[in-house]
Amino acid sequence: MKKDFLKYQAQTGPAPLSIEVSHAKGTYVYDVSHKKYLDFVAGVSANTLGHSHPKIVEAVQKQAASYMHVMVYGEYIQKPAVEFTKLLAKLLPGPLETTYLVNSGTEAIEGAMKLAKRATGRSGLIAAKHAYHGNTQGSMSLMGFEPRKQAYRPLLPGISFIEYNNENDLYNITEDTAGVLLETIQGGAGFIEPKNGYLKKVKARCEEVGALLILDEIQPGFGRTGTLFGFMNYQVVPDILVMGKGMAGGMPVGAFTASHDMMTLLKEAPKMGHITTFGGHPVIAAAALATLQELTSSNLIPQTLEKEKLFRSLLVHPLIKGIRGKGLMLAIILEDPEIVNFLVLEGMKKGLLLFWLLFEPKAVRITPPLTISNEEIEEGCTAILELLEEWDSQNVN
């Protein structure tokens, strides 16, 4: 199977982890040799409710038995998508009311970029250095990390970059700017939180010059930071909200939300200003609805902050230089990228799934399912500390 995997399925890197998955349930992934792995990654923040959550499985099976794809997006009334977007609107602050459902986070970014240009009549876009918003051509144009972009130039023109949390850069937002697109918490850069009311100040500058604030909640969204969306921690409301990853509990999905009036701009002049065949797919929408209902009817979201405290209290070691992030969007910062590689690779051998971050080589991702128990947190943290002791013992001067 591994030989076929490497030959017939395109790869994203030279050394995939290559666990041959048998099944997954709760906070564990199982391989074909019956080895189980405690999952501290959650499919890179996607499996919000863990693996094979019964309410998501039930929703998917029920909808699949009723109907699957019947028409391209926006033509037929399909109950799962309508119910999901209506519930989402009730949970979001105004004017965020109308949602366009797509297939992935990067597609949602593409739609948000187009909407900002259409709403303002401007073409300039601003992103942050070390930003990551996806890997399609438009989203990659917003990536603030040249080594990942240079092989694919030319990319979109009219894009400039500011430094996240640097208030002096806010004056780069001008009357030529259609939108400022920021991650609420920078992901690939190492889970960098906004400081000193930074996002509020960005929004104020946008309002001053008539630009739109677009917040990328693809990772922080759906409860991972102690609120339904990360921006709710920072007293700011974006003009356009982008979401994905954990939105449907592990199913492929994305969306962008704005005011009803703004979203109507995609309907005409020209018609079909944004189109997708499979966006709003009824099976995916049913999974998204089940995920959102479970998150908002349980204590999982506020519990993420208590679980964060537990992680921080347990992960104390001389090799750990800090822990960044909020809730269950955490990154262990180490002094050497080689220690990161050791933790990820040796952790897998010990039955613990960890992962890297895109642009911060000294960081280890910890983004488990929100359903993780305190006992599972303790189990995984014990394994991490044991691995760090192993590293120390093998690298004594």
Side-chain angles (χ1 to χ4, degrees), residues 1-47 50-52 56-57 60 64 68-69 102-110 132-141 143 145-155 187-188 218-219 244-246 248-254 276-279 281 283-284 287 337-338 340-361 363-365 367-369 387:
M1 184 67 73
K2 182 177 180 181
K3 183 179 178 181
D4 288 348
F5 167 68
L6 295 173
K7 182 174 182 179
Y8 298 113
Q9 185 174 341
Q11 305 298 306
T12 57
L17 295 176
S18 299
I19 294 173
E20 189 174 345
V21 177
S22 165
H23 62 286
K25 189 170 182 61
T27 321
Y28 291 90
V29 175
Y30 299 81
D31 70 15
V32 293
S33 65
H34 309 294
K35 181 176 179 178
K36 73 174 185 177
Y37 302 82
L38 177 59
D39 189 358
F40 269 21
V41 183
V44 186
S45 303
N47 296 96
H51 300 282
S52 303
I56 297 177
V57 171
V60 166
M68 293 187 278
H69 178 71
V102 292
N103 306 287
S104 65
T106 192
E107 186 185 332
I109 293 289
E110 299 282 349
Y132 180 78
H133 299 288
N135 229 6
T136 48
Q137 289 275 289
S139 300
M140 180 178 280
S141 301
M143 186 190 298
F145 191 73
E146 184 59 27
R148 292 288 180 93
K149 296 163 60 175
Q150 59 189 6
Y152 302 101
R153 288 193 175 279
L155 296 171
I218 293 169
Q219 282 207 71
K245 283 196 183 293
M251 298 290 275
V253 70
T276 171
T277 297
F278 290 113
H281 192 286
V283 174
I284 307 299
E338 287 303 311
V340 173
N341 294 335
F342 179 82
L343 273 184
V344 173
L345 298 176
E346 295 301 314
M348 186 173 66
K349 294 177 184 178
K350 290 175 72 76
L352 175 65
L353 298 182
L354 301 166
F355 209 60
W356 299 270
L357 293 182
L358 283 174
F359 311 139
E360 175 48 82
V364 174
R365 165 187 292 275
T367 55
L387 287 166

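Both backbone and side-chain heavy atoms feed into the values below; hydrogens, waters and symmetry mates do not.
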Is a donor on one side and an acceptor on the other found under 3.5 Å between the side chain of [X] and the backbone of [Y]?
X	Y	value
Gln137	Leu155	no
Gln11	Gln9	yes
Thr27	Leu38	no
Ser139	Ile109	no
Asn47	His51	no

Specify whether Phe359 and Tyr132 have parallel, tilted or perpendicular ring planes, treating 30° as the upper limit for parallel and 60° as the lower limit for perpendicular. perpendicular
Of all the heavy-atom pairs spanning [X] and [Y], show the shortest one and how long it is.
X	Y	result
Ala42	Pro369	CB-N, 3.6 Å
Gln219	Ser45	OE1-OG, 3.1 Å
Ala248	Ala287	O-CB, 3.7 Å

Considering residues at least two apart in sequence or located in another chain, which fulfil the ring-ring contact (aromatic ring centres under 6.0 Å, His included) criterion with Phe342? Trp391
Of the options Val340, Leu357, Leu354, which is the one that meets Arg365 in a side-chain contact (heavy atoms from CB on, under 4.5 Å)?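 That would be Leu357.
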Between Ile284 and Phe278, is a side-chain contact (heavy atoms from CB on, under 4.5 Å) present by the stated rule, with each step listed? CA-CA 9 Å; Ile284 307 299; Phe278 290 113; over 6 Å; no
Could you pull out all residues at least two apart from Ser18 that satisfy side-chain contact (heavy atoms from CB on, under 4.5 Å)? Lys2, Phe5, Pro16
Can you find a heavy atom in the side chain of [X] that is under 4.5 Å from one in the side chain of [Y]?
X	Y	result
Leu358	Phe145	no
Glu107	Thr136	no
Leu17	Phe355	yes
Ile19	Leu353	yes

To the closest 0.5 Å, what do you measure between [atom1] ([X]) and [atom2] ([Y])?
X	Y	atom1	atom2	answer
Lys35	Lys349	NZ	NZ	9.0 Å
Tyr152	Asn135	OH	CG	7.5 Å
Met143	Met140	CE	CE	4.5 Å
Glu110	His133	CD	NE2	11.5 Å
Ile218	Ser104	CD1	OG	8.0 Å
Lys350	Leu387	NZ	CG	5.0 Å

NZ/Lys25: more than 12 non-hydrogen atoms of other groups inside 6.0 Å: no
Can Met1 and Val32 be said to form a side-chain contact (heavy atoms from CB on, under 4.5 Å), step by step? CA-CA 11 Å; Met1 184 67 73; Val32 293; over 6 Å; no
